[in-house]
Structures are given as C-alpha cells and as structure tokens.
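Bear in mind that the values here come from a model prediction, so they are computed numbers and not experimental data. A note on names: the letters A, B, ... follow the listed sequences, proteins ahead of strands, and every chain is numbered from 1. All values below were derived from every heavy atom in this structure, side-chain atoms included, with hydrogens, water molecules and symmetry-related copies excluded.
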2 protein chains.
Amino acid sequence: MSEKKKGNGLAMRPFARSLPMQLLRAREALMQEFRPHLRKHGLSEQQWRVLRALAEAGSMDINALGEMCQIHPASLSRMLPNLESEGRIERRNDRDDQRYIIVSITAKGRALFQRVAKESEQIYASIERRIGSSELKTLYELLDKAIRAAPENAQEK
Amino acid sequence: MSEKKKGNGLAMRPFARSLPMQLLRAREALMQEFRPHLRKHGLSEQQWRVLRALAEAGSMDINALGEMCQIHPASLSRMLPNLESEGRIERRNDRDDQRYIIVSITAKGRALFQRVAKESEQIYASIERRIGSSELKTLYELLDKAIRAAPENAQEK
DNA sequence: GCCAGATACTTAACATGTTAAGTTTATAGA
DNA sequence: TCTATAAACTTAACATGTTAAGTATCTGGC
C-alpha cells in the first residue's frame with residue numbers, strides 16, 4: 001500500500017517463492033487425501049511410514065529407521081513401544097552389539113501394511129493422473145536434486 | 001531376499017517414490033540450513049513463518065494467517081500469545097465482527113524480520129546456485145501444479 | 001585389563017500438529 | 001424479538017517434532 005517501489009519493501013522474495021513453504025504446501029495438499037484413509041485403519045502418518053519402511057527394507061536399527069522415515073530417533077523411542085504393544089512390530093537387541101535395537105515388522109503388521117498399501121496405491125494413481133505422469137517424473141528428479149544439493153545430508157554417515 | 005519376482009512383493013511402489021516422503025525429505029534437507037540461522041535469532045520455524053506472512057501481507061485474521069503459514073488455527077492460538085508478549089506482534093478484535101482477531105506485526109517485529117530476512121536470502125541464494133536457477137523455476141511450477149491438483153485446497157473457502 | 005571418548009538409544013521438557021469439544025458472536029428465519 | 005444455526009476462535013488431550021541431558025555399551029590406546 002505505502003511501499004515505494006523498491007521491490008516489495010521487504011528485502012525478501014515473496015512467501016509463495018519460499019521453497020520450504022511450497023514443499024510444505026504441496027505435501028499438506030497431498031496428505032489431505034491420504035490422512036482420512038490412514039485414519040480409517042487407525043494409523044498415524046508416522047506409524048504408516050514406519051510400517052512401510054520395515055515392510056520394504058526389512059529389519060533395521062533405530063537410526064536407520066529414523067533416516068528412512070525421516071523421524072527423529074527420540075520420536076521413535078516413544079512411538080515404537082506403542083506399535084509393539086499393538087503387535088505390529090518387534091524389537092530385539094543386536095546380538096553382537098548390545099547398543100543396537102533391531103526393529104522388524106510382524107506378520108500382523110505386514111498384513112495391515114498390505115491392506116493399507118492397496119488403497120494407498122489407488123489414491124496415488126489418482127494423484128498421478130491429475131499431475132501427469134511426465135511432470136511427476138520430472139518432479140521426482142528435481143526433488144532428488146534438491147535433496148542432494150543439501151550440504152551434508154548424512155545419508156550414510 | 002525371499003521375494004519371488006512379483007514386483008517387489010510389496011504391492012506398493014518403493015518408499016523413495018512416495019511423493020509426500022520426497023517432499024518431506026527435500027524440505028528437511030533445506031531446513032537443516034535455515035534452522036540454525038533462525039535459532040540464532042530465537043525464532044522457531046513456525047514463528048518465522050508468522051512474522052514473514054504478516055510482514056508481507058499486513059494484518060490478517062487467524063484463519064487467513066493459518067492458511068498463509070500452513071499452521072492450524074489451534075496452534076496459532078497457542079503461539080500468538082507468546083509472540084505478543086515478546087512484543088513482535090499485536091492482536092485486536094475486529095471492530096465490525098467481534099469474532100475475528102486481527103493480527104499484525106509490530107515495529108519491533110518488523111525490525112527482527114528485516115534482520116533475519118537478510119541472512120535468509122543469502123542462504124536461499126546459495127541453495128538456488130546449487131539447484132540451478134532454471135531447475136528451481138521448474139520445481140516451483142511443478143509444486144504449484146501439485147498444489148492445484150489437490151481436490152479442494154480451500155484457498156479462499 | 002583399564003579408561004577416556006565415541007556410539008546408540010532413552011528420557012525429559014517444551015513447542016507444535018491434530019482432532020474434538022467448548023465459548024462467544026453473528027446471521028437468518030419465524 | 002427469539003431462536004437455531006453457523007462462524008471464528010479457544011481450550012484440552014494426546015501424538016509427534018526438537019533439543020539437551022542421561023544411560024548403557026563399545027572401541028581404541030595405554
């Protein structure tokens with residue numbers, strides 16, 4: 001309103017051109033479609049990520065699971081006892097190094113995963129149709145590039 | 001290991017091709033660079049979004065602020081009293097409709113915004129160099145498309 | 001073998017995300 | 001005007017995000 005003309009008077013690009021913000025917006029827009037579906041199965045977004053990671057990659061220690069799910073080990077320490085008491089995962093100490101906790105998915109957990117996966121894929125297919133298969137591929141490539149562009153993403157260590 | 005060959009035996013595309021997951025990964029990778037910077041100024045990621053939104057768009061009611069910042073009104077109800085007691089924002093009731101709370105940034109808040117904005121832009125410029133200006137532009141376009149592809153993003157209502 | 005430092009995880013404290021219920025104010029219709 | 005409904009916000013409860021501190025275990029050097 002009372003800005004002269006020197007850019008926007010803000011010394012900063014507009015909020016809509018904040019990459020973290022747009023990534024958040026895009027993610028929230030997508031999750032709006034998935035959340036009710038997960039909720040119907042009694043799963044939080046984070047619990048679903050854990051089941052999915054374990055179903056795909058097998059048993060893992062806490063740090064590896066956290067990296068794969070993008071969930072902090074401290075959060076996992078709180079979540080995993082619940083998932084375990086519900087019989088969806090198991091935890092055991094590593095034989096050779098007692099510091100490590102090895103987490104794995106149970107048969108019950110895998111059965112749940114299969115059910116949820118089926119419906120999730122349908123939602124995903126719908127999203128892919130709307131965005132376009134080619135654009136989606138490009139989007140993945142650019143996201144990968146942005147991830148790799150980070151200073152030290154500590155992929156392995 | 002013991003999978004036959006039917007895809008990956010998972011009835012689901014790999015985790016790395018989950019769009020919400022890659023959006024989260026990319027966002028986390030970027031925020032790793034911004035968070036220490038914000039922290040240095042005593043701002044949480046969410047507090048910074050609020051200041052930025054108010055600096056850019058002027059005063060707003062809670063719902064509009066929540067939409068712009070992607071922060072739930074319930075979370076804002078908890079955050080805003082803190083920002084207000086620190087003298088960074090102000091709240092007042094709408095004259096014509098007492099249900100609305102109008103939030104605005106103070107001079108002190110704006111001064112803080114300007115300081116943080118300056119450094120943020122430098123970090124952002126570094127990221128833009130690494131990703132590439134052209135790719136970044138394409139990335140924004142695809143993110144916009146993904147956001148618009150959502151069923152009903154309730155932009156206005 | 002012993003000890004300092006590193007590693008993996010847990011716990012605690014506080015902020016925020018998420019949902020549901022509650023409160024206040026406004027609006028529309030009888 | 002009165003009342004039912006809706007809208008905007010708040011509060012509460014619980015899960016998760018985030019950081020720092022704490023515990024147990026391991027590793028390497030003496």
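- Rounded to whole Å, the distance from CZ on B:R91 to P on D:dT10 is 6 Å.
- Near DNA chain C, meaning a heavy atom under 4.0 Å away, the residues from residues 74-90 of chain B are B:A74, B:S75, B:R78, B:M79.
- Considering only side-chain N and O atoms, B:Q98 lies nowhere under 4.0 angstrom from the phosphate OP1 or OP2 of D:dC9.
- Regarding A:M60, its CE atom lies at a distance of 15 Å from the P atom of C:dA8, rounded to whole Å.
- Contact between the side-chain N/O atoms of A:R27 and the OP1/OP2 oxygens of C:dG17 is not found at any separation under 4.0 Å.
- Between A:E135 and A:R130 there is no salt bridge, since none of the side-chain N atoms of the basic residue sits less than 4.0 Å from a carboxylate O of the acidic one.
- Atom-to-atom, CG of B:D94 to P of C:dT25 comes out at 13 Å; the value is rounded to the nearest Å.
- Spacing between atom CG of B:L24 and atom P of C:dG17 amounts to 13 Å, rounded to whole angstrom units.
- Side-chain nitrogen and oxygen atoms of B:Q46 include at least one within less than 4.0 Å of the OP1 or OP2 phosphate oxygen of C:dG17.
- The B:N63 side chain lies nearest to D:dC9 when the options are D:dC9, D:dC26, D:dT16.
- Of the two residues near DNA chain C, A:E45 and A:Y100, the one whose nearest nucleotide lies more 5' is A:Y100.
- Under 4.0 Å is where a charged nitrogen must lie from a carboxylate oxygen, and between B:K145 and B:E141 no such pair does.
- Rounded to whole Å, atom C1' of D:dG17 lies 17 Å from atom NE2 of B:H72.
- Using a 4.5 Å cut-off on side-chain heavy atoms (C-beta onward), B:V50 and B:L76 make contact.
- Contact check on B:E56 versus A:R13 returns no salt bridge, with no Lys/Arg side-chain nitrogen under 4.0 Å from an Asp/Glu carboxylate oxygen.
- The interatomic distance linking B:R35 (CZ) with D:dG17 (C1') rounds to 9 Å, in whole Å.
- Interface remark: the A:R99 side chain does form a donor-acceptor pair with the C:dT7 base, using a distance-only criterion of under 3.5 Å.
- Side-chain nitrogen and oxygen atoms of A:R49 include none within less than 4.0 Å of the OP1 or OP2 phosphate oxygen of D:dT16.
- Here D:dG17 presents its C1' atom at 14 Å from CD1 of B:I71, a figure rounded to the nearest Å.
- Both A:R39 and A:I62 sit near DNA chain C, but only A:I62 has its closest nucleotide nearer the 5' end.
- For A:S44, a side-chain nitrogen or oxygen approaches OP1 or OP2 of D:dT16 to under 4.0 Å.
- For the pair A:R17 and B:Y140, the cation-pi criterion (under 6.0 Å, within 45° of the ring axis) is fulfilled.
- The existence of a salt bridge linking A:E45 and A:R39 is excluded, since no basic side-chain nitrogen approaches an acidic carboxylate oxygen closer than 4.0 Å.
- Residues passing the ring-ring contact (aromatic ring centres under 6.0 Å, His included) test with B:H37 are B:H41, sequence neighbours excluded.
- Straight-line distance from the CG atom of A:L38 to the P atom of D:dT16: 12 Å, rounded to whole Å.
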